[in-house]
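Accompanying notes for the structure given below.
Order of appearance sets the numbers: ligands from 1, and atoms from 1 within every ligand.
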Amino acid sequence: MEGLFAYSHDGEGLHRAVDPEDKQAYVYAMTFLPGAPRIFACFDQPDLKAVYRLTVIAPDDWTVVGNGAAEQTAPGRWTLAETLPLSTYFATLVAGPYHSIRAEHDGIQLGLHCRQSLAPHLDKDADELFEVTGQCLDEYHRLFGIRYPFGEYHQAFVPEFNAGAMENPGCVTFTDDLVFKAQATDSLRATRANVVAHEMAHQWFGDLVTMQWWDDLWLNESFAEYMGYRVTSEVTRFDDVWVEYAYVTKPWGMAADQRSSTHPIASNGAADAQKALTDFDGISYSKGTAALRQLNAYIGDDAFLAGVIDHLTTHAYGNATLADLLAAWEKASGKDVRAWAEAWLRTSGVDVLTSEVRDGHVVIERVNGSDVHVARPHAFTATSFDARGTGRSEPVVITEATAEVALELDPDGLLLPDSADETWAKIRLDGASLSRVPQLLPKIDDPLARAAVWGVLREGLLDATVAPKLYLQAVEQALPHDTDLAVENILGGPRKGAIGAVGTFFSATDDRQRLATVAADLVDTAPPGSNRQLIAVRSLIELTTDSELLRGWRSGETTPEGVVADEDFRWRLTRALSGLGELGLDDIAAEAQRDPSSQGALHALKCRAVLPDARTKDAVWAQIVSDSELSNYELYALATYFFRPDQREITQPYVSRYFAEVPETDRIRTGWVVEQAVALSYPRYAIDAETVTLAEQALARDDLSPGVRRSMSDATDDLRWALASRAAHARD
Ligand SMILES: [Zn+2]
């Protein structure tokens, strides 16, 4: 049987990318949902596992890696070792003039690969990557007692990759954004280590044992995410990743679980692959992680691991269901895991935990967050902080509506349920504690407890129970004393859909000005050359309207001591000045000539998208809605920077055009890319009832594709929250 398939440019199927810097071409296969049939004939379902034998003919100077160990048999001829049984969505092939670095750990051949133009940057970090890889392999071997089964372990950093990474057995593919050309903040390094650990966990859970059908896809992700955080924090130098979870991953899932599109962690049957893909969200990753932590607390770590090992051993190289895993956990623990699963996995919604003092006793109440009655048990720590920020903690298990806690509320202190961020709930402080947050927060030593307090403020902001005024006051008074992670995520804006301070809620000019002042103070006080300085400088560039300052930094005349004036720094300044209308197309073109790299090309697109010039906006818009030739990354660059908080007037005509034209983009683009682009190009700063009406009219159409509907509906929910907050809290 013969087949001929075209290369793709949207990151799915066999993607071909040309590096603009040296014109070298690279390919990689992404068969994940639903890409496999774009490369080979198959019934694309996870329970049809087969072995794969590949021979590859490629240009002589190319390197080839894949699921099986690749051997070059003649110039340009490669044979890949026959694989173990794999689901269709794991088949991959990475080929091109890749730069490769090889090593060995505990008898396992390791490889790192990236395109030539990134070679020096991968070389620089290879030791760190191999170290983390080795540490994680050792830890999984120790935890599971099952050796890594798939032979060699390659990690290929590939261009224009849609996801963070993909767990193909033997050959994990990563976005090459994770090869750091620009200066990387500490948290970006930690994130990369966490992604390495996450993908490696899948080699056992997901790859060795695979879900029977797509409706258990969440289980792969919840498990890998939980193990990724656990292993990264315990065996690598990035021991604060649970704090990162609190700032980045948790808000992503909390928001998802409060939108109208929310769904149980364990969905009740994805009819097809497309539907499964839209449910592959913050709930799978973030809430699933929290649920597994709660399960671990419920049955104990020994039983948790014993159940997993039983599951992996019984179903090795085959498929299994959630029911199989629950049975294994029940056998290992002797506890009723099914009832636990019913409450945590089969219902959606976020419980609210409130604290108050009744007759001198601290009482925590659980308010059911689901639309059906659920007795969802929570195990967590509560801490009472005194006026000096010293805490006294007590473990709490709440199974009924309320639990009394053996703690006292200091008359000038703060009582914080879930102070170690162990459960999945919105925390509402008593009124007195809440009002003291701006003063007390800097006095609390524990970074995780502080992250939990910021979580209280963020979730309260989103559901209109915390006034934006109080949140801003906390940012001004407490943030300068907090960790780099806090500064980066609160000032630095939305990541992963989490709403940061510079997002929708604080898009008004006055608010941005106040945030810019906080950033400017941080620039002044951060040690030169520090991670904190890097974060503060980037935040200020994003927030300020002081074009003189930006010009001075760009010319090098007033660049703060310790700041590395690399291409990334110049591009950020160029983008900010373009957004203010201080630079034009010629300046952007000149900059692109200075930096002909792929990163430079994307930066140039972002600069063009932010130009407050009617003709350019129109041209950019036309590209977003009708240019099928754009690569996925080019499209995201334009979509992200089209609507800006300070450009409401010039972009106003595109609000209605968004709802009329963007739904049609599924005719020229597919799957993941459509969903991403619809979300990124949403008119999120047009916070008024009219936008909601337009959105509702668009969503009433019955011909929207699932990805378009999901992204549009989610962004509209976020807009409704911002409107509700405005209605509830008059600003002065
Ligand atoms: Zn994953």
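Partner of E675 under the side-chain contact (heavy atoms from CB on, under 4.5 Å) criterion, out of R669, M712, R710: R710 alone.
Because the distance cut-off is set at 2.8 Å, E199 fails to qualify as a neighbour of the Zn ion (ligand 1), as none of its N, O or S atoms comes that close.
Around the Zn ion (ligand 1), the angle linking H202 (NE2) with H198 (NE2) is 100°, rounded to 10 degrees.
Of all the N, O or S atoms in E221, the one closest to the Zn ion (ligand 1) is OE1.
Screening residues 81-93 for salt bridge (charged side-chain N to carboxylate O under 4.0 Å, His left out), with sequence neighbours left out, gives R53-E82.
Judged by the 6.0 Å distance and 45° axis criteria, R293 is positioned over the aromatic ring of W242.
Applying the side chain to side chain donor-acceptor pair (under 3.5 Å) criterion to T173, with sequence neighbours excluded, gives N168.
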